[in-house]
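Here the structure comes first, spelled out in C-alpha cells, and everything after it is commentary.
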Amino acid sequence: MDSVKDFWMLNNGVRIPCVGFGTWQTPDGETAVQAVKAALEAGYVHIDTAAAYDNEASVGQGIREADVKREELFVTSKLWNAHRGYDKTMAAFERTMKDLGLEYLDLYLIHWPAVANQFGNWQELNRSTWRAFEELYKDGRIRAIGLSNFMPHHMEPLMAEAEIQPMVDQIEFHPGQMQKETVEYCRQHDILVEAWSPLGTGRMLTNPTLKSIAGKYEKSVAQLCIRWCLQNEVLPLPKSVTPSRIRENAEVFDFKISRDDMEQINKMGYIGGSGLVPDEIDF
Ligand SMILES: NC(=O)C1=CN([C@@H]2O[C@H](COP(=O)(O)OP(=O)(O)OC[C@H]3O[C@@H](n4cnc5c(N)ncnc54)[C@H](OP(=O)(O)O)[C@@H]3O)[C@@H](O)[C@H]2O)C=CC1
Ligand SMILES: O=C1CO[C@H](CO)[C@@H](O)[C@@H]1O
C-alpha cells in the first residue's frame, strides 16, 4: 500500500479505499465543508458520515466543492437506531441522499444493533432493515451494505436469514480495544472490519508506551495508531478538522511497524475508549 487511495476488496468485489476520513463531531456548516475539502485535497477519497452526525448536507457540499470525480470517491453513511424497520429505513435513506446531494451511496451501515427494550424486537427490526438495505443494493442505489457496532451475537440472527451477507462491520478499534472475537468472526465470514475512533477520539495520543514506540519511527502517535490498524488489516477512519493533522494522518505509508512493536501494542490492556457498549445503547 502506498497511499490512502489504495484499496481493499469487499466480499462483493467493490474496492474500498484503505483509509477513510471521519466526520463525527465535525460541526455542521463551514467547518464540515472545509474539513471535507481539506481531506479530499490531501488525497483522501473515502468519507465516513452518518445521519446522526447532523452534518450530511455540509459533508455533501464539501464533496461537491472539491475537485474530485464522484466515481473516484467512496462515501459511507449510517442508518440511525430510531429509523430502523423497512419503511423507516427507505425514508431515512432518501433523506440522507438528499442531504448529501448524491445519486448513489458507496456503503450504508446499520449504525447500532440497538437491542434496548424501547426499540421492540431488535432481531426482527434489524432483519426488516436489512431487507430494505438488500433492496436498495439490488436497485443499484448502494454499492455495498454493512453493519456497525454489531458483535457476533447480533450478526448471527441477521445473517441466518439474509439473502446478501454484510460486507463491512465498523467497530471501535484502537490500542487496548481490539474486539478480537468480533474481528475473528468477521474474518471467518469475509466481512471487512473498519476502525472507528482509531485515535480513541484523541485519548490514545498521550499514552507513554505509544509515544515511545512512535518516536522510534519519527512518527506521531496518531500516525502510529493509523498504521497499526492497517497492519492489523482493519480499515482506519481518523477524524480531524485541522488541515495539518488531516495531512499528517494520511502520511502513514513511509514506515512499517516491526513485528515486535505490533505485538507490544496488540498486548496493551485498556487505555481508554468511548465506553460505549453495543448491548447498552438505548438512544
Ligand atoms: N460507527 C460508530 O458508531 C462510530 C463511528 N465513528 C467514526 O469514526 C471516526 C473517527 O472517530 P473519532 O472518535 O471521531 O475520532 P479519532 O479517533 O479519529 O480522533 C479524533 C480526535 O483526535 C484529534 N486528532 C486527529 N488527528 C490528530 C493528530 N494527527 N494529532 C493530534 N490530534 C489529532 C482530533 O482533533 P481535531 O479534529 O480538533 O483536529 C479529534 O479530537 C468518526 O469521525 C466517525 O466517522 C466514530 C464513533 C462511533
Ligand atoms: O458514530 C457515533 C458517534 O458517537 C455517538 C455517541 O455520541 C454514537 O452514537 C455513534 O455511534
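Ligands are counted one by one from 1 in listed order, and the atoms in each one are counted from 1 as well. FYI, side chains are in, hydrogens and waters are out, and symmetry mates aren't considered; it's all heavy atoms of this structure.
- Those atoms of ligand 1 that come under 4.0 Å of a heavy atom in Gly202, given as number and element, are 19 (O), 21 (C), 22 (O).
- Among all protein heavy atoms, the one lying closest to atom 47 (C) of ligand 1 is Trp196 CE3, 3.1 Å.
- The closest non-hydrogen atom to atom 18 (O) of ligand 1, taken over Glu251, Lys239, Arg247, comes from Lys239.
- Contacts of Trp196 with ligand 2, taken as heavy-atom pairs under 4.0 Å, are absent altogether.
- By the neighbour-count criterion of 12 heavy atoms within 6.0 Å, atom CG of Asp67 is sparsely surrounded, having that number or fewer from other residues, nucleotides or ligands.
- The single protein non-hydrogen atom nearest to atom 8 (C) of ligand 2 is Trp112 NE1, 3.8 Å, given as residue, atom name and distance.
- Between the choices Thr23, Leu205, Thr26, the shortest heavy-atom distance to atom 32 (N) of ligand 1 belongs to Leu205.
- Distances shorter than 4.0 angstrom do not occur between any heavy atom of Gln25 and any atom of ligand 1.
- The shortest N or O to N or O distance between Asn149 and ligand 2 is not under 3.5 Å.
- Within 6.0 Å of the CD atom in Glu218, the count of heavy atoms belonging to other residues, nucleotides or ligands does not exceed 12.
- Contacts between Leu276 and ligand 1 below 4.0 angstrom, taking non-hydrogen atoms only, are absent altogether.
- The environment of Lys5 atom NZ is dense: over 12 non-hydrogen atoms of other residues, nucleotides or ligands sit within 6.0 angstrom.
- Here the side chains of Phe133 and Met90 are not in contact, with every heavy-atom distance at 4.5 Å or above.
- Residue-level proximity to ligand 1 for Ala222 is carried by the side chain, the only part with a heavy atom below 4.0 angstrom.
- Between Asn207 and Val221 there is no side-chain heavy-atom pair separated by less than 4.5 Å.
- Shown in contact with Trp80 at under 4.0 Å from a heavy atom are these atoms of ligand 2, numbered in order with element: 9 (O).
- In terms of protein heavy-atom proximity, atom 1 (O) of ligand 2 is closest to Tyr53 OH, 2.6 Å.
- Atoms of ligand 1 lying under 4.0 Å from at least one heavy atom of Ser148, given by number and element, are 1 (N), 2 (C), 3 (O).
- Of the heavy atoms in Asn149, only side-chain atoms (C-beta onward) come closer than 4.0 Å to ligand 1.
- Side-chain contact between Val234 and Glu194 is absent, with no heavy atoms from C-beta onward closer than 4.5 Å.
- For ligand 1, the polar-atom distance check against Lys78 finds no nitrogen or oxygen pair separated by under 3.5 Å.
- Under a cutoff of 6.0 Å and an axis angle of 45°, Arg84 and Phe119 form a cation-pi pair.
- Here Leu199 contributes atom CG and Arg245 contributes atom CZ; the two are 9.5 Å apart, rounded to the nearest 0.5 Å.
- For ligand 1, the atoms closer than 4.0 angstrom to any heavy atom of Val241 are 36 (P), 37 (O), 38 (O), 39 (O).
- In terms of N/O distances under 3.5 Å, ligand 1 is approached by Thr201.
- Per-residue contacts place Pro238 under 4.0 angstrom from the following atoms of ligand 1 (heavy atoms of the residue considered): 18 (O).
- Counting non-hydrogen atoms of neighbouring residues, nucleotides and ligands closer than 6.0 angstrom, the CD atom of Glu181 reaches no more than 12 such neighbours.
- A salt bridge does not link Arg203 to Glu172: none of the charged side-chain nitrogens sits closer than 4.0 Å to a carboxylate oxygen.
- Annotation: cation-pi geometry not satisfied between Arg127 and Tyr86 (NZ/CZ under 6.0 angstrom from ring centroid, within 45° of ring axis).
- Shortest contact from atom 12 (P) of ligand 1 to any protein heavy atom: Ser197 OG, 3.6 Å.
- Aromatic ring centres of Trp122 and His154 lie closer together than 6.0 Å.
- Taking any N or O of Leu199, backbone or side chain, at least one lies under 3.5 Å from an N or O belonging to ligand 1.
- By heavy-atom distance, the residue among Asp48, Leu237, Thr76 lying nearest atom 10 (C) of ligand 1 is Leu237.
- Regarding atom 26 (N) of ligand 1, its nearest protein heavy-atom neighbour is Asn249 ND2, 2.9 Å.
- If you check which protein heavy atom lies closest to atom 2 (C) of ligand 2, you get His111 NE2, 3.4 Å.
- By the 4.5 Å heavy-atom criterion applied to side chains, Leu235 and His46 are counted as neighbours.
- The environment of CZ in Arg70 is crowded: more than 12 heavy-atom neighbours from other residues, nucleotides or ligands sit within 6.0 Å.
- Residue Gln25 does not touch ligand 2, judged by heavy-atom distances below 4.0 Å.
- Ligand 1 has Gly200 within reach: a non-hydrogen atom of the residue lies less than 4.0 Å from it.
- Ring geometry for Trp228 versus Phe173: interplanar angle under 30°, hence parallel rather than tilted (30 to 60°).
- With hydrogens left out, the protein atom closest to atom 7 (O) of ligand 2 is Trp24 CZ2, 3.7 Å, a heavy atom.
- Atoms of ligand 1 lying under 4.0 Å from any heavy atom of Thr242, numbered from 1 in the order shown and given with element: 36 (P), 38 (O), 39 (O).
- Within the 4.0 Å heavy-atom cutoff, Tyr53 counts among the residues contacting ligand 1.
- At a heavy-atom distance under 4.0 Å, atoms from both the backbone and the side chain of Pro198 approach ligand 1.
- Between Phe21 and Leu40, every side-chain heavy-atom pair lies at or beyond the 4.5 Å cut-off.
- Looking at His153 and Asp279, their side chains do bring a donor and an acceptor atom within 3.5 Å of each other.
- Taking 4.0 Å as the cut-off between side-chain N and carboxylate O, Asp48 and Lys78 count as a salt-bridged pair.
- If you check which protein heavy atom lies closest to atom 43 (O) of ligand 1, you get Trp24 N, 2.9 Å.
- Looking at Lys138 and Glu163, a side-chain N of the basic residue comes within less than 4.0 Å of a carboxylate O on the acidic one, giving a salt bridge.
- Looking only at protein heavy atoms, the nearest one to atom 23 (C) of ligand 1 is Arg245 NH1, 4.1 Å.
- Which parts of ligand 2 touch Phe283 is read off a 4.0 Å heavy-atom cut-off, strictly below it: atoms 9 (O).
- Annotation for ligand 1: atoms under 4.0 Å from non-hydrogen atoms of Gln170 are 1 (N), 2 (C), 4 (C), 5 (C), 6 (N), 7 (C).
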